[in-house]
Student: 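Sharing a structure, written as structure tokens. Questions coming.
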Amino acid sequence: MRDYKWLYEYCLNRFGSAAALEALLPQPASADQLRAVADDRYLSLISRRIFRAGLKHSLVDAKWPAFEQAFFGFDPEKVVLMGGEHIERLMQNTQLIRHLGKLKSVPRNAQFVLDVAKEKGGFGHLLADWPAEDIVGLWRYIARHGSQLGGLSAPSFLRMAGKDTFIPNNDVVAALQAQGVVDRAPSSQRDQTAVQAAFNRWRSESGRPLCQLSAMLAFTVNH
């Protein structure tokens, strides 16, 4: 596995200047910013990520105002009370994406948000306090306690929320394979631990957040 210096120099050569590279890199939210976000906004983001899965993001985003209305602004205290009959009625709403499994996930994830908020004082506290050195542990926590949040959904939601994370998409996996970190998409706990260790090393060497290192790795493939 090559060190961070190689990764930086590769990206610098590709984009021509440090300023051009920095302009392309994402910035994570601070811990205070994560804590300040209301629980209904986190439930909205979780739900939007679930509905985006397998669909064009712009299609989902265009319909999201109708989702906000149908789900009471994603107030978890209200959404958690939505039973099967209510969800069946939403299946008749042509303004929504009528996927029964995904619609059912919303009240389930409302309960998840409420449970975390009761324990932590707010869903954002969970995200803010979870260490970047074990971000894959947060993926697993979200997938285990939430609904329809396996695979790339947990890291993708975290990126949407601003929590610092890498995302093992196709380009990042290809770069990790080229570096000999893994030989497949890191779906097993063992492979995720290996990827986390690699990112932790690059993070220590560079002082950069995981999201920037993830983007830089993706820049090394398919161009």
Side-chain angles (χ1 to χ4, degrees), residues 22-53 57 60-61 64-65 67-68 71-80 105-169 172 186 192-193 195-200 202-204 206-218:
E22 297 298 333
L24 296 171
L25 298 178
Q27 293 290 339
S30 69
D32 286 344
Q33 288 172 323
L34 292 169
R35 291 190 188 97
V37 175
D39 290 337
D40 62 277
R41 292 304 84 205
Y42 281 120
L43 180 57
S44 178
L45 283 175
I46 288 170
S47 303
R48 193 187 299 206
R49 166 54 210 170
I50 290 169
F51 277 92
R52 277 182 172 183
H57 293 184
V60 177
D61 294 349
W64 211 247
F67 276 86
E68 290 280 349
F71 284 99
F72 309 105
F74 288 96
D75 181 340
E77 296 278 3
K78 295 179 180 178
V79 174
V80 77
S105 76
V106 182
R108 292 170 183 165
N109 283 321
Q111 186 63 63
F112 171 41
V113 169
L114 289 172
D115 290 344
V116 170
K118 182 178 180 180
E119 179 182 353
K120 304 289 186 180
F123 194 85
H125 290 253
L126 171 72
L127 306 190
D129 295 340
W130 201 285
E133 295 83 1
D134 182 35
I135 200 64
V136 297
L138 183 55
W139 300 355
R140 291 193 286 264
Y141 180 91
I142 290 172
R144 183 168 66 251
H145 295 282
S147 175
Q148 298 214 14
L149 287 167
L152 292 180
S153 287
S156 296
F157 153 67
L158 292 175
R159 178 65 60 81
M160 291 167 68
K163 173 64 177 177
D164 189 24
T165 186
F166 57 90
I167 299 179
N169 58 27
V172 171
Q192 288 177 0
T193 299
V195 173
Q196 179 78 70
F199 271 94
N200 287 349
W202 291 321
R203 183 171 176 265
S204 176
S206 67
R208 287 187 181 274
L210 301 174
C211 60
Q212 293 187 0
L213 295 167
S214 183
M216 291 171 74
L217 279 172

Student: Could you tell me the separation between the CZ atom of R144 and the CZ atom of F112, rounded to the nearest 0.5 Å?
Tutor: 9.5 Å

Student: Looking at Y141 and E119, what are the two nearest heavy atoms and their distance?
Tutor: OH-OE1, 4.4 Å

Student: Just by distance, do the side chain of S47 and the backbone of L43 share a donor-acceptor pair under 3.5 Å?
Tutor: yes

Student: Given 3.5 Å as the limit, does a donor-acceptor pair link the side chain of D164 with the main chain of C211, or not?
Tutor: yes

Student: Measuring from atom NE2 of H57 to atom CE of M160, what distance do you get when rounded to the nearest 0.5 angstrom?
Tutor: 8.0 Å

Student: Indicate whether the side chain of Q148 and that of S153 have a donor and an acceptor atom separated by less than 3.5 Å.
Tutor: no

Student: Should the pair R35-D32 be classified as a salt bridge under the 4.0 Å nitrogen-to-oxygen rule?
Tutor: yes

Student: Which atom names give the shortest non-hydrogen contact between A29 and Q33, and what distance separates them?
Tutor: CA-OE1, 3.3 Å

Student: Once you round to the nearest 0.5 Å, how far does CG of D75 lie from CZ of R41?
Tutor: 10.0 Å

Student: Got a donor-acceptor contact below 3.5 angstrom from the K163 side chain to the L127 backbone?
Tutor: yes

Student: Taking C-beta and beyond as the side chain, do D61 and R52 meet within less than 4.5 Å on heavy atoms?
Tutor: yes

Student: Any non-hydrogen side-chain atom of F123 less than 4.5 Å from a side-chain atom of I46?
Tutor: yes

Student: When you measure from the side chain of S214 to the backbone N and O of L210, does any donor-acceptor pair fall under 3.5 Å?
Tutor: no

Student: Determine the sole option in W64, Y42, F67 for which the ring pair (Phe, Tyr, Trp, His ring centres under 6.0 Å) test with F74 is passed.
Tutor: W64

Student: Under 4.5 Å between any side-chain heavy atoms of I135 and Q196, yes or no?
Tutor: yes

Student: If you compare all heavy atoms of R140 against all heavy atoms of D134, which two are closest, and at what distance to 0.1 Å?
Tutor: NH2-OD1, 4.5 Å

Student: Return the minimal non-hydrogen interatomic distance between A161 and L45, and the atom names on each side.
Tutor: CA-CD1, 3.8 Å

Student: Return the minimal non-hydrogen interatomic distance between V106 and F51, and the atom names on each side.
Tutor: CG2-CE1, 4.2 Å

Student: Check each of V116, N109, D115, D40 against P76 using the side chain to side chain contact (heavy atoms under 4.5 Å, CB included) test, and report the only one that passes.
Tutor: D40

Student: Please tell me if the side chains of L149 and W139 come closer than 4.5 Å, counting only heavy atoms from C-beta onward.
Tutor: no

Student: Return the CZ to CG distance between R203 and L213, rounded to the nearest 0.5 Å.
Tutor: 9.0 Å

Student: Work out which heavy atom in V80 is nearest to a heavy atom in A110; give both atom names and the distance.
Tutor: N-CB, 3.9 Å

Student: Would L126 and L138 count as a side chain to side chain contact (heavy atoms under 4.5 Å, CB included) here? Give the steps.
Tutor: CA-CA 9 Å; L126 171 72; L138 183 55; 4.3 Å; yes

Student: Please test L217 against F199 for side chain to side chain contact (heavy atoms under 4.5 Å, CB included), starting from the C-alpha separation and ending with a verdict.
Tutor: CA-CA 10 Å; L217 279 172; F199 271 94; 3.5 Å; yes

Student: When you measure from the side chain of E133 to the backbone of N200, do you find a donor-acceptor pair of N or O atoms at a distance under 3.5 Å?
Tutor: no

Student: Any non-hydrogen side-chain atom of I167 less than 4.5 Å from a side-chain atom of V172?
Tutor: no

Student: R208 and L25: side chain to side chain contact (heavy atoms under 4.5 Å, CB included), yes or no, with the steps?
Tutor: CA-CA 10 Å; R208 287 187 181 274; L25 298 178; 3.4 Å; yes

Student: Between E68 and R48, is the closest basic N to carboxylate O distance under 4.0 Å?
Tutor: no

Student: Yes or no on side chain to side chain contact (heavy atoms under 4.5 Å, CB included) for I142 and L158, after CA distance, side-chain angles and deciding distance?
Tutor: CA-CA 10 Å; I142 290 172; L158 292 175; 3.8 Å; yes

